[in-house]
2 protein chains.
Amino acid sequence: MSPRTRRTSIADVARRAGVSVGTVSNVLNRPDRVSPTTRERVEAAIAELSFVRNGSARQLRAGRITTVGAIVLDISNPFFTDVTRGIEERLTADDYTLMVASSDREPEREARYLRLFEEHGVRGVMVVPTGESIDHLLAVRERGIGVVLLDHPSPVDSVSSVAVDDVLGGALATRHLLDQGHTRIAFLNGTHSIRQCADRLEGARRALADAGRDPDAALVEVTVPLDANGGETGIRALLEADDRPTAVFCVNDLVALGALRTLRRAGVSVPDDVALVGYDDVTFAAELATPLTSVRQPRHELGARAADMMLRGTDAPAEHVVFKPELVVRESSTTRAP
Amino acid sequence: MSPRTRRTSIADVARRAGVSVGTVSNVLNRPDRVSPTTRERVEAAIAELSFVRNGSARQLRAGRITTVGAIVLDISNPFFTDVTRGIEERLTADDYTLMVASSDREPEREARYLRLFEEHGVRGVMVVPTGESIDHLLAVRERGIGVVLLDHPSPVDSVSSVAVDDVLGGALATRHLLDQGHTRIAFLNGTHSIRQCADRLEGARRALADAGRDPDAALVEVTVPLDANGGETGIRALLEADDRPTAVFCVNDLVALGALRTLRRAGVSVPDDVALVGYDDVTFAAELATPLTSVRQPRHELGARAADMMLRGTDAPAEHVVFKPELVVRESSTTRAP
DNA sequence: CTGAAAGCGCTAACAT
DNA sequence: ATGTTAGCGCTTTCAG
């Protein structure tokens with residue numbers, strides 16, 4: 001019971017079974033190298049002492065390990081939980097284990113978890129970078145640890161990456177809104193240091209330009225936190241402004257959820273007064289009070305593919321995959337016939 | 001670049017800086033014990049070699065560690081992500097780190113992660129048990145590792161636990177439905193080996209009995225997977241049956257989401273034809289096509305409290321907290337005036 | 001098939 | 001203030 005007691009070690013087991021530590025190690029790692037009788041005796045000792053092998057010592061000696069780490073931006077966002085599941089399923093198939101951490105979009109937290117993973121000798125890390133530079137990840141790779149960029153196109157050829165074309169996604173959403181006749185569009189977005197946000201903005205502006213509009217005039221960007229409360233804040237700001245936009249594009253569905261809620265409370269009808277488009281097409285998007293138009297990303301596949309690259313190992317040539325997003329049109333953006 | 005190269009060690013740093021390994025270890029762990037000039041030199045060497053200390057060796061030697069593990073039933077369920085956030089916030093305040101794993105309600109996976117955590121020498125584990133027995137957790141505790149039962153009342157006094165009264169929650173939901181005049185209630189539930197499911201059923205039956213009804217006759221239980229697809233399956237089964245219930249209680253909001261979707265597609269109006277109640281009161285519950293009546297649990301606090309107990313250490317007396325759930329009534333269960 | 005022994009990289013006495 | 005050194009528990013030659 002006392003936590004002060006030394007953990008029982010392989011030596012204790014050896015003593016109890018009347019064999020050497022080498023033999024115990026063998027029944028643990030190469031049971032076939034050991035005679036059935038000795039093995040039984042050792043296994044009995046292990047059970048009696050309820051021995052659990054010390055992973056640190058094992059790893060220190062053996063070096064190798066079958067754990068990989070993943071650092072996502074926000075573990076409470078359903079988009080990332082689904083990506084994570086994709087990773088985990090692929091990894092489990094190869095008997096690898098996943099450790100997940102959330103950077104909360106803070107580079108310091110990303111760095112901290114990265115160091116923690118590296119100190120614990122993970123085989124590799126899959127990370128959604130928080131900042132513009134990936135130098136720190138290149139450094140990790142230099143030290144022989146696999147790196148796969150998650151939901152982020154690689155700026156260098158040597159690092160594998162899986163991404164979804166966010167510029168296209170932003171354009172898809174915006175073009176749709178233009179097609180519906182909107183000329184002034186609000187964009188509830190996160191800070192541009194987050195690549196996804198910068199790219200979706202870029203796409204929106206491009207769609208506007210392609211349609212012959214002036215992006216600076218037609219697009220009203222509001223920077224908000226990337227959750228439901230952010231959507232609430234953003235809409236409040238818009239409602240106070242004069243010259244209110246007739247359409248709102250939200251950088252993710254959580255923000256859209258908050259936007260929808262706030263518009264409803266303010267008595268603004270969606271889509272009649274304001275059209276709304278989200279991003280990610282999370283499970284609940286279709287079931288909201290007003291079913292939400294959204295940009296769908298292959299989140300499960302994104303994770304699975306990344307895990308796949310990770311398992312290929314550091315020797316395999318780097319790969320770069322960019323998936324295409326897809327617009328799913330629902331009621332929140334389609335004005336009823338006049 | 002080559003992954004085959006030995007990781008650079010504290011000895012390499014010492015050599016480069018022209019000091020002993022002890023000194024390097026000191027600048028790493030007790031910088032004040034070392035003169036500013038030497039410290040600078042060592043820090044320079046660390047930077048030049050981009051040295052990252054080997055956590056396994058460190059831990060093997062030092063024993064202590066500031067990592068704790070959490071094993072939840074289903075990481076894609078918003079309920080558990082919020083519990084996890086609560087844990088993490090509390091832990092971060094004390095500079096502890098959290099490793100999260102999802103058992104997917106499979107005892108084998110729970111056992112596997114438990115072993116993994118133990119092998120890696122975590123300070124403690126917080127787990128939502130998958131099975132009826134917690135003997136394996138008691139064994140872990142015997143070995144000096146902290147154990148806190150998460151979302152599960154402890155069957156023994158010696159193990160700390162945080163829980164929410166699920167019997168009460170089930171009763172709250174059911175009584176509400178009875179108050180609305182329903183006499184035949186369907187319960188889309190998971191398998192009874194999951195404690196939460198068994199308890200909520202127990203609560204439902206108790207509420208029925210208290211109201212003078214025969215639980216066996218008044219309650220139609222349908223066992224489904226605990227996600228949106230489960231809700232879909234469950235409702236399909238109910239729609240095919242004759243003598244269709246007029247109210248449906250779902251064991252969680254994900255199931256309720258699927259139920260709502262399926263009812264709508266089948267042209268069944270909620271709440272006019274069928275009343276619906278969920279469980280967890282996740283963020284989107286209030287924003288659904290039909291705002292969902294649900295049983296709210298203090299998920300963030302649940303996690304924070306558990307983390308708190310964990311940090312108290314193995315020596316502190318065990319604590320047992322049971323939170324009370326709360327019914328949040330919305331449109332999905334309140335029949336409009338006739 | 002089994003045992004003895006050499007480290008893996010680090011921390012924490014203990015010396016100097 | 002800095003250096004020296006003995007292990008932490010395990011895996012893995014190498015002998016027997």
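Throughout, a chain's letter reflects where its sequence line sits, starting with A, and its residues are numbered from 1.
Taking atom CG of residue B:L28 and atom P of nucleotide C:dA12, one finds them 11 Å apart after rounding to whole Å. The distance between atom CD1 of A:I46 and atom P of D:dG9, rounded to the nearest whole Å, is 16 Å. In this structure, CD of B:Q59 is placed 14 Å from P of C:dC10, rounded to the nearest angstrom. Atom CZ in A:R15 sits about 15 Å away from atom C1' in C:dG3, given to the nearest Å. Between the C1' atom of C:dC10 and the CD atom of A:E119 lies a distance of 12 Å, rounded to the nearest Å. Straight-line distance from the CZ atom of A:R39 to the C1' atom of C:dT2: 14 Å, rounded to whole Å. One can place CG of A:N54 at 9 Å from P of D:dT11, the figure rounded to the nearest angstrom. Per the geometry, CZ belonging to B:R58 stands 17 Å off P belonging to D:dG9, to the nearest Å.
Between A:R30 and D:dT12 there is a side-chain N or O to OP1 or OP2 distance below 4.0 Å. At C:dT2, one or more side-chain N or O atoms of A:S35 fall inside 4.0 Å of OP1 or OP2 (strictly under the cut-off).
Between the side chain of A:R61 and the base of D:dG9, no donor-acceptor pair under 3.5 Å is found. The base of D:dG9 is not paired with the side chain of A:R53 by any donor and acceptor separated by under 3.5 Å.
For the pair A:D12 and A:R15, the salt-bridge criterion is met [side-chain N within less than 4.0 Å of a carboxylate O]. Note on B:R115 versus B:E119: salt bridge recorded, some NZ/NE/NH1/NH2 to OD/OE distance being below 4.0 Å.
Among the protein residues, B:S56 comes within range of no part of the nucleic acid, since none of its heavy atoms lies under 4.0 Å from any strand. At the heavy-atom level, A:S25 lies under 4.0 Å from base atoms of the strands shown.
Side-chain atoms of B:T84 and B:T81 form no donor-acceptor pair, as typed in the model, at a separation below 3.5 Å.
Contact detail for A:G69 and A:F117: the closest heavy-atom pair is CA-CE1, 3.8 Å. When all heavy atoms are compared, the tightest approach of A:T130 to A:E106 is CG2-N, 3.8 Å.
Listed candidates were D:dA1, C:dG9, D:dT11. Nearest to the side chain of A:N29 is D:dT11. Side chain of A:N26, nearest nucleotide from C:dG9, C:dC10, D:dT12: D:dT12. Side chain of A:L60, nearest nucleotide from D:dT2, D:dG9, C:dC10: D:dG9. You'll find that the side chain of A:S20 is closest to C:dA4, out of D:dT2, C:dA4, C:dC8.
For A:V19 and B:A11, each mapped to the nucleotide of DNA chain C holding its nearest heavy atom, the one lying further toward the 5' end belongs to A:V19. A residue-by-residue look at B:T37 and A:V24 shows that B:T37 has its nearest nucleotide of DNA chain D further toward the 5' end. For A:S9 and B:G22, each mapped to the nucleotide of DNA chain D holding its nearest heavy atom, the one lying further toward the 5' end belongs to B:G22.
Results of the side-chain hydrogen bond (donor to acceptor under 3.5 Å, both in side chains) test with B:H300 over B:R85, B:R90, B:R305, B:E89 single out B:E89 as the only residue that passes.
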